[in-house]
Amino acid sequence: MTVDVRTETVIDRPREAVAAYAASPDNAPAWYANIQRIEWETPPPLRVGSRVAFTARFLGRTLAYTYEVREHVPGERLVMATAEGPFPMETTYEWSDAAEGATRMTLRNRGEPAGFSRLAAPLMAPAMRRANRADLRRLKSILEAGE
């Protein structure tokens, strides 16, 4: 069963500011509730081929995984993917202009669970959707407070 979750929000900040903050792995623990820490496996800055290790908690389990940047168009789109672990995942951020100088940010996670995660797949999509909505609310709050 493929899990494919897409969420979005509008943030009252310019696209360049939203994209720069959200695309930086160093900021991920501040706005993703489940991400506990990150570690660069390749030297910054972020670019195609960059590898970043994440430690997260999701559905009561600690997950360690490494994302590799597959596509990076600053200010427009970031695609990261991991093939390791029980839940290979691709995460896509997209940013577009919204009304009055605001930014529409779309967050998409999709993957094909394996092993134990495969059994939990029916629970994963709703849990991911809830987590993503909360994370985007947190991101919006951080960025709009920093005006």
Side-chain angles (χ1 to χ4, degrees), residues 1-95 103-147:
M1 173 181 184
T2 299
V3 174
D4 191 347
V5 175
R6 181 183 175 105
T7 51
E8 67 177 44
T9 191
V10 174
I11 299 172
D12 191 21
R13 298 284 288 141
R15 181 165 40 110
E16 294 74 21
V18 173
Y21 185 90
S24 173
D26 294 315
N27 294 327
W31 66 277
Y32 273 106
N34 293 329
I35 294 179
Q36 298 173 323
R37 67 184 190 90
I38 71 103
E39 185 176 331
W40 287 86
E41 291 188 353
T42 56
L46 193 71
R47 60 190 170 280
V48 172
S50 291
R51 293 175 52 85
V52 183
F54 290 81
T55 303
R57 294 235 359 120
F58 186 67
L59 295 177
R61 297 177 61 133
T62 297
L63 305 172
Y65 52 93
T66 300
Y67 269 120
E68 182 171 323
V69 175
R70 301 280 170 87
E71 181 182 349
H72 186 218
V73 180
E76 293 180 24
R77 183 176 165 88
L78 172 63
V79 180
M80 304 175 289
T82 180
E84 63 195 37
F87 193 8
M89 174 80 66
E90 180 181 86
T91 297
T92 303
Y93 301 161
E94 292 180 314
W95 303 279
T103 302
R104 179 176 318 285
M105 179 171 168
T106 303
L107 169 59
R108 182 181 185 192
N109 287 310
R110 62 187 173 129
E112 192 79 36
F116 166 80
S117 295
R118 187 179 195 168
L119 299 175
L123 303 173
M124 282 187 173
M128 286 174 69
R129 189 169 286 107
R130 280 190 302 276
N132 287 354
R133 284 181 182 148
D135 293 336
L136 287 176
R137 278 193 303 272
R138 189 172 303 102
L139 177 65
K140 177 180 173 74
S141 175
I142 289 168
L143 290 172
E144 289 181 354
E147 290 185 60

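Bear in mind that the values here come from a model prediction, so they are computed numbers and not experimental data.
Closest heavy-atom contact between Thr55 and Thr62: CG2-CG2, 4.0 Å. Of all the heavy atoms in Ala28 and Ile35, the pair that sits closest is CB-CD1, 4.0 Å. Across Tyr93 and Ala22, no two heavy atoms sit closer than the pair CE1-O, 3.4 Å. For Ala19 against Gly75, the heavy-atom pair with the smallest separation is CB-CA, 3.6 Å.
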Item to check | Full working for side-chain contact (heavy atoms from CB on, under 4.5 Å) between Tyr32 and Leu107 | outcome: CA-CA 12 Å; Tyr32 273 106; Leu107 169 59; 3.6 Å; yes
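Note on ring orientation: taking the six-membered ring where Trp is involved, the planes of Tyr65 and Phe54 are parallel (angle under 30°, cut-offs 30° and 60°).
Of the possible donor and acceptor atoms, one in the side chain of Glu144 sits under 3.5 Å from a partner among the backbone N and O of Asp12. For the pair Thr82 (side chain) and Thr66 (backbone), a donor-acceptor distance under 3.5 Å is present.
Checking each of Arg15, Arg104, Arg77 against Glu94 for a salt bridge (charged side-chain N to carboxylate O under 4.0 Å, His left out) leaves exactly one that passes, namely Arg77.
Looking at Thr9 and Arg137, their side chains never come closer than 4.5 Å, going by heavy atoms from C-beta outward. For the pair Tyr21/Leu139, a side-chain contact is recorded, criterion being any heavy-atom separation below 4.5 Å from C-beta on. In this structure, the side chains of Glu16 and Trp95 stay at 4.5 Å or more apart for every pair of heavy atoms.
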Side chains of residues 123-136: which donor-acceptor pairs under 3.5 Å do they make with residues two or more places apart or in other chains?
from, atom 1, to, atom 2, distance (Å)
Asn132, OD1, Asn109, ND2, 3.4
Asp135, OD1, Ala33, N, 3.0
Asp135, OD1, Arg138, NH1, 3.0

Please table the atom pairs, donor to acceptor, closer than 3.5 Å between any side-chain atom in residues 43-53 and protein atoms at least two apart or in another chain.
from, atom 1, to, atom 2, distance (Å)
Arg47, NH1, Pro43, O, 3.3
Arg47, NH1, Pro45, O, 2.6
Arg47, NH2, Pro43, O, 3.4
Ser50, OG, Arg47, N, 3.0
Ser50, OG, Arg47, O, 3.0
Arg51, NE, Glu41, OE1, 3.4
Arg51, NH1, Glu68, OE1, 3.4
Arg51, NH2, Glu41, OE1, 3.4

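The CG atom of Asp4 lies 9.5 Å from the CD atom of Glu90; values are rounded to the nearest 0.5 Å. Rounding to the nearest 0.5 Å places CD of Glu39 at 5.5 Å from CZ of Arg37.
Applying the side-chain contact (heavy atoms from CB on, under 4.5 Å) criterion to Ser141, with sequence neighbours excluded, gives no partner residue.
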